Amino acid sequence: MSPPLRILGIETSCDETAASVVLRDESGRGEILGDVVLSQLEEHSLYGGVVPEIAARAHVEALDTLIEEALMRAGVTLSDIDAIAATSGPGLIGGLLVGLMTGKAIARASAKPLYAINHLEGHALTARLTDGLPFPYLMLLVSGGHTQLILVKDVGVYERWGTTIDDALGEAFDKTAKLLGLPYPGGPAVERAAKSGNPDRFSFPRPLVGEARLDFSFSGLKTAVRQAAQSIAPVTEQDIADICASFQNAISRTLKDRIGRGLARFKEQFAGTVEHPALVVAGGVAANQTLRATLQELCDRNGFRFIAPPLQLCTDNAAMIAWAGAERMAAGLPADDLDVAPRSRWPLDADAKALIGFGKRGAKA
């Protein structure tokens with residue numbers, strides 16, 4: 001048991017500006033008291049993707065107002081808040097600077113502790129906010145920048161079982177959409193087109209299917225989509241729909257194999273100790289209904305609970321950041337010093353070997 005905690009969360013890692021107030025009660029249950037998200041979709045749609053400088057300026061213009069709105073919706077003032085939680089990485093460095101510096105200023109002015117939160121930890125712990133899920137459980141994180149299978153053992157204790165060796169799944173969706181002339185954002189556009197397509201028209205590869213390791217690869221699939229489109233150019237609207245449906249079909253079959261092996265490993269590792277094993281899906285791609293249905297069927301077949309947070313909590317939001325701060329505070333983990341720096345790259349499992357993108361700012365995955 002821990003005292004009730006009210007946490008103000010700030011999220012500015014990419015192209016959503018968000019602020020939220022979350023309550024964690026004495027028994028560990030969570031409640032979102034006030035939540036505001038401002039999308040920058042219109043600002044970036046003209047460019048077919050997120051422009052970091054535009055995103056950072058938009059965060060500066062909107063964040064203070066959104067924080068005031070979140071506090072008002074929660075019916076609290078800053079004096080009622082127990083701590084500030086701000087995303088510190090990974091993400092676009094300009095946006096991270098805006099949110100983290102704002103969090104620091106509020107923490108300093110109000111004499112409240114600051115928790116610099118790993119954005120991925122926010123996703124990892126969301127199922128405990130929405131469903132009260134006990135540890136341990138598996139999480140499939142699928143977003144524009146990450147595709148990972150992670151064992152969530154405790155607050156701050158994560159074990160990466162698999163990651164992409166090239167493109168993230170969300171990136172593959174976005175690049176496929178751009179190739180086919182579909183609007184930004186690419187993921188929802190591909191899903192909409194696929195609804196009227198034939199998923200069996202094109203036989204696309206299913207990367208790493210059959211391999212014992214639990215990693216992912218989507219670069220070859222993306223290349224196969226381009227070659228298929230070029231071979232029948234100029235493509236019709238029906239061609240695009242068939243390509244999108246076949247693309248999603250290949251992904252679904254790939255996930256069945258990759259995640260199925262992860263579920264088997266979990267059952268073997270925790271045999272007799274976890275009564276109701278669970279798979280959580282998180283990240284923007286988790287909004288895809290076809291992939292959700294695939295994972296639900298897989299979990300049903302393997303005796304796992306399938307937990308997919310509400311769509312608004314799958315994409316970037318501040319409620320998950322506030323909740324991660326509350327979880328860390330309740331667990332007795334120390335707050336961060338006000339000289340903490342943002343990190344554009346920040347693996348959730350610091351001990352896992354980087355497979356891609358290890359540069360000056362650290363490992364990407």
Side-chain angles (χ1 to χ4, degrees), residues 7-22 32-79 81 83-110 112 114-119 122-123 143-145 170 174 183-188 284 311-325 336 338-346 361:
I7 309 296
L8 170 64
I10 298 170
E11 159 60 27
T12 57
S13 65
C14 192
D15 60 340
E16 274 93 18
T17 313
S20 185
V21 177
V22 167
I32 300 173
L33 302 179
D35 190 45
V36 189
V37 180
L38 179 63
S39 173
Q40 299 176 10
L41 180 59
E42 289 187 9
E43 288 90 335
H44 300 286
S45 59
L46 178 65
Y47 304 95
V50 178
V51 181
E53 292 81 3
I54 293 176
R57 286 198 298 271
H59 291 314
V60 170
E61 293 170 358
L63 185 55
D64 288 354
T65 300
L66 263 61
I67 291 172
E68 291 179 358
E69 177 71 16
L71 290 168
M72 184 187 72
R73 292 188 183 185
V76 300
T77 65
L78 195 55
S79 62
I81 297 298
I84 315 300
T87 302
S88 184
L92 301 176
I93 196 67
L96 293 171
L97 278 167
V98 173
L100 185 58
M101 290 300 292
T102 301
K104 288 181 181 182
I106 296 174
R108 180 63 180 268
S110 61
K112 309 287 185 182
L114 171 74
Y115 288 86
I117 301 298
N118 185 318
H119 178 90
H123 282 303
S143 67
D174 287 340
Y184 174 84
L311 297 184
Q312 69 270 23
L313 295 181
C314 287
T315 52
D316 293 350
N317 65 90
M320 70 178 187
I321 303 304
W323 177 254
D336 291 279
L338 293 185
D339 61 356
V340 62
R343 302 170 62 176
S344 59
R345 296 185 175 187
W346 189 2
R361 292 191 178 275

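Treat the numbers as computed from the prediction; the structure is a model and nothing was measured.
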Which value, rounded to the nearest 0.5 Å, describes the distance between Gln312 atom CD and Met320 atom CE? 12.5 Å

Using a 4.5 Å cut-off on heavy atoms from C-beta on, say whether the side chain of Cys14 contacts that of Val50. yes

A side-chain contact here means heavy atoms from C-beta on lying under 4.5 Å apart; do Ser20 and Ile32 qualify? yes

I'd like to know if Arg73 pairs up with Glu69 as an ion pair, taking the criterion as any Lys NZ or Arg NE/NH1/NH2 lying under 4.0 Å from an Asp or Glu carboxylate oxygen. yes

Can you name the closest pair of heavy atoms from Ser344 and Pro90 and give their distance? O-CB, 3.2 Å

Check: Thr17 and Val98 side chains under 4.5 Å, non-hydrogen atoms: no

What are the two closest non-hydrogen atoms of Ala18 and Val37, and how far apart are they? CB-CG2, 3.9 Å

So do the side chains of Leu338 and Arg108 get within less than 4.5 Å of each other, counting heavy atoms only? yes

Would you give the length of the straight line joining atom CD of Glu16 to atom CG of Leu66, rounded to the nearest 0.5 angstrom? 11.5 Å

Less than 4.5 Å apart, side chain to side chain, heavy atoms only: is that true for His59 and Leu97? no

From Ile67 CD1 over to Met72 CE, what is the distance, rounded to the nearest 0.5 angstrom? 14.0 Å

Which heavy-atom pair separates Ser88 from Ala341 by the least distance, and what is that distance? OG-O, 3.4 Å

Pairwise distance CH2(Trp323) to CG(Leu313) - rounded to 0.5 angstrom: 12.0 Å

Give me the atom names and distance for the closest heavy-atom approach of Ala62 to Leu38. CB-CD2, 3.5 Å

State, to 0.1 Å, how close Lys104 and Val340 come at their nearest heavy-atom pair, and which atoms those are. NZ-O, 2.6 Å

Do the side chains of Thr87 and Ile10 get nearer than 4.5 Å, heavy atoms only? no

So, for Leu78 and Ser110, which heavy atoms are closest and what is the spacing to 0.1 Å? CD2-CB, 3.8 Å

Hey, what do you get for CG (Leu33) to CG (Leu8), rounding to the nearest 0.5 Å? 11.0 Å

Side chains of Asn118 and His123, heavy atoms from C-beta outward: is any pair under 4.5 Å? no

So, do Thr102 and Ile84 sit near enough that their side-chain heavy atoms are less than 4.5 Å apart? no

Rounding to 0.5 Å, atoms CG (Leu100) and OG1 (Thr12) come to a distance of 8.0 Å

